[in-house]
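The next block holds one structure in the form of structure tokens; read it before the comments.
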Amino acid sequence: MIKHQYDVLIVGAGGAGLRAALEIPEGFSCAVLSKVSPTRSHTGAAQGGVGAALGNEEEDSWEWHMFDTVKGSDYLGDQDAIEIMTKDAIRAVIELEHMGMPFSRTPEGKIAQRRFGGHTRPENPNDPDSKRVAVKRSCYSADRTGHVMLHTLYENCLKQKVQFFSEYFVTDLIMSAGQRLDSSRSSGQGNVCVGLVALDIATSEVHVFHAKAVMLATGGYGRIFRITSNAHVGTGDGFAFVYNNGLPLEDMEFVQFHPTGLWKLGILISEAARGEGGILLNNKGERFMERYAPTVKDLAPRDMVSRAILTEIREGRGFKGSDGTYYVQLDVTHLPKEVIDDKLPEITGFARTYLGVEPTKEPIPVQPTAHYAMGGIPTTVDGEVIKDKKSTKVPGLYAAGEAACVSVHGGNRLGTNSLLDIIVFGRRGGKAIAKFIKDTDFAPLPNDAAERTVSTIDRIMNSKGKEKVGALRMELQEKMMEKVGIFRNEKDLKEMTSEIKSLRERYQEVSIDDKGKVFNTDLMEAIELGNLIDTAEPIIYGALVRQESRGAHSREDFPNRDDKNWLKHTLIYKTDGAPKVDYKPVSITRFQPKERKY
Ligand SMILES: Cc1cc2nc3c(=O)[nH]c(=O)nc-3n(C[C@H](O)[C@H](O)[C@H](O)COP(=O)(O)OP(=O)(O)OC[C@H]3O[C@@H](n4cnc5c(N)ncnc54)[C@H](O)[C@@H]3O)c2cc1C
């Protein structure tokens, strides 16, 4: 076993982790670990843009951005955090420009901006109560915004001599006090985070990393679902680490389905396609969003558009594909060629490559795709992980980005607000760590730090069990899609609580074919499957207990939002039996909850 010591460890080389790393001052050591090469992190797949009320193309204000984010969240977002994010957005985007990020430009050379779902301004800027119309707020680099953002941050990290452990797969946190977790993955009671355990994927060697502070910036869990826009690495590892260490996860029932994934594949066709003028059509050729959101139409927030698509399909107005599954059409054929070539080259290329569809001549078949985790590891606005409704901090443990729940997205995230979240709260988390490590010494490392990882690896490598990783994962993904997808009900969710228990039992019987040590991806996928199952559990239980419909959580048996009983965050803790549920209040500062209409 190889041991390392760093002041700071950051798990994840996406935008959140890299932005945090840039805040660690000279004189302190910082390592970033990533299970893929840093620039292959999912941030690099982001297309549409990063939201900030720069007002470069139309009058805009951070307060309008704040209002849209609160309304988009279906009033579940914490308004203190949303205020911080939308105010800081302007500085954060200009800072990226100064770091070297190549944004698309307006003819005068300013950062170009475009429309995106749910981002609005009052039609009459002097009358805040006037009708709201779509506003150009998304700052973009063609449809490769995340790619250039990730590369810019990575180059700045190299300049600052941040150390990278590339293709290191983190398997566990090391908590210094309290009961350790046993190999059956039942919950423990850690107090202080003092490091982590990782597997060098190239050699299968186990490494123990000792640190003063650890940040989880591990991204999302899209791979829990059959159809997803997320990269293969989006297996929810960070959520599982926290959950398995007896710490809660917040608002996990809020899973964003993006309305326009490529049919059957889930690969994302960015909202930018609709921001630039694309429209959705049903099998009658109707622009059906006119019925669901009469003012903003195709630019309604994602939860609404995804439900509208599914409703059209359920009521017989979808297109039936060759394999019997259904889709609707995204039509960009009426857009000028230069808009497609200059602003949407990547995504129209996806339609050509993966479906053989020529988007300039025919509509693109699309269906909703699991896209984003609104919930996650609860943190303060400075990225400090908290463990209860009183916001008690877990010393040494931080989280940022999609893995974290600050909560700025509440029940539904607006497009462009995640790239914003990662740069604003990645930086704040990094600053908080920089302060913490100055006044903190290394806490002792427990002797059994790597025990659980070693025993899990032994079990999987030596197992002769009959369960196979691919088949079990597929079963989980199909069932989550079917029963914990866009529309939910008590019967399906109750069934899923037994399903997940049985999947976890069967997981103990998983065996793999590759018994070697070099790049054993079978082993890694087997461990990831454990994380997928652990992360699915709080999603299912969160969805079961929340008896209302809000944002992306839509209960057929409780179709209305219920502020009296449910204007609160859920916290779910792992136990030996059914998870424990607790609640945390929502911060409401400026905007009182109102009916959400567009
Ligand atoms: C196709 C697509 C398009 C999108 N477009 C937009 C957009 O236009 N605008 C917008 O605002 N948002 C967009 N989003 C959402 C946004 O890109 C993500 O939410 C955000 O980039 C997440 O950043 P992150 O830093 O939290 O994590 P990620 O970028 O996902 O990075 C996670 C990191 O964690 C590492 N990691 C995970 N588990 C482990 C482990 N066990 N051990 C070691 N390393 C680990 C990974 O290797 C990776 O480096 C899009 C998302 C997708 C999928």
Side-chain angles (χ1 to χ4, degrees), residues 9-21 32-52 89 114 116-117 138-141 143-147 149-150 153-154 164-173 196-201 215-223 228-241 256 258 260-262 266-272 275 302 346-347 350 369-374 376-377 399-404 409 413-423 425-426 429 524 527-528 531:
L9 295 169
I10 296 175
V11 190
L18 297 185
R19 185 63 196 81
V32 176
L33 295 95
S34 172
K35 63 178 173 176
V36 292
S37 171
T39 49
R40 291 193 59 222
S41 302
H42 191 65
T43 296
Q47 304 167 352
V50 47
R114 65 175 153 220
F116 241 78
S138 169
C139 312
Y140 63 92
S141 301
D143 53 359
R144 302 184 178 112
T145 314
H147 178 86
M149 180 186 281
L150 189 63
L153 291 171
Y154 184 58
F164 284 90
F165 286 87
S166 180
E167 300 188 325
Y168 273 63
F169 177 43
V170 175
T171 51
D172 204 359
L173 294 173
L196 53 82
V197 185
L199 194 66
D200 177 354
I201 301 171
M215 173 184 268
L216 293 173
T218 41
Y221 55 53
R223 290 279 151 187
T228 179
S229 66
N230 285 195
H232 285 276
V233 290
T235 51
D237 303 350
F239 306 99
F241 301 155
Q256 179 162 81
H258 192 294
T260 59
L262 278 187
I267 296 171
L268 193 75
I269 299 295
S270 167
E271 212 168 285
R302 293 174 177 173
E346 192 90 1
I347 53 185
F350 291 159
T369 182
H371 184 60
Y372 184 82
M374 263 79 70
I377 305 163
E402 189 168 337
H409 310 299
R413 171 174 77 85
L414 294 188
T416 76
N417 270 353
S418 175
L419 289 185
L420 178 59
D421 173 354
I422 64 181
I423 55 172
F425 293 103
M524 189 172 147
I527 301 174
E528 283 176 338
N531 294 334

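Each ligand, and each atom within it, is numbered from 1 in the order the structure gives.
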Short N or O distance, A16 and ligand 1, threshold 3.5 Å exclusive
yes

Heteroatom proximity flag, N230 to ligand 1, N/O under 3.5 Å
no

Just to check, does S270 reach to within less than 4.0 Å of ligand 1 when the distance is taken from its heavy atoms?
no

Can you confirm, on distance only, whether ligand 1 has an N/O atom lying under 3.5 Å from any N/O atom belonging to G48?
yes

Proximal candidate to atom 12 (N) of ligand 1 [heavy atom criterion; set Q47, K35, R413]
R413

Using non-hydrogen atoms of the residue, decide whether I422 is closer than 4.0 angstrom to ligand 1.
yes

Classify the contact between L268 and ligand 1 as side chain, backbone, both or neither, using a heavy-atom distance cut-off of under 4.0 Å.
side chain

Between D237, I527, T369, T228, flag the one that comes closest to atom 38 (N) of ligand 1 by a heavy atom.
D237

Identified side-chain contact (heavy atoms from CB on, under 4.5 Å) partner of L18 from the options T39, I422, L153
L153

S34 versus ligand 1: do any nitrogen or oxygen atoms come within less than 3.5 Å of each other?
yes

Can you figure out which of S37, G12, A373 has its heavy atom closest to atom 33 (C) of ligand 1?
G12

Please confirm whether G49 comes under 4.0 Å of ligand 1, counting heavy atoms of the residue only.
yes

Heavy-atom gap N417 to ligand 1 smaller than 4.0 Å:
yes

Report yes if S418 has an N/O atom closer than 3.5 Å to an N/O atom of ligand 1; otherwise report no.
yes

Of all the heavy atoms in V233, does at least one lie under 4.0 Å from an atom in ligand 1?
no

When you measure from the heavy atoms of G415 to every atom of ligand 1, does any distance fall below 4.0 Å?
no

How does H371 reach ligand 1, if at all, at less than 4.0 Å between non-hydrogen atoms: by side chain, backbone, both, or neither?
side chain

N/O of L419 under 3.5 Å from N/O of ligand 1, yes or no?
yes

K35/D237 salt bridge by N-O under 4.0 Å criterion:
yes

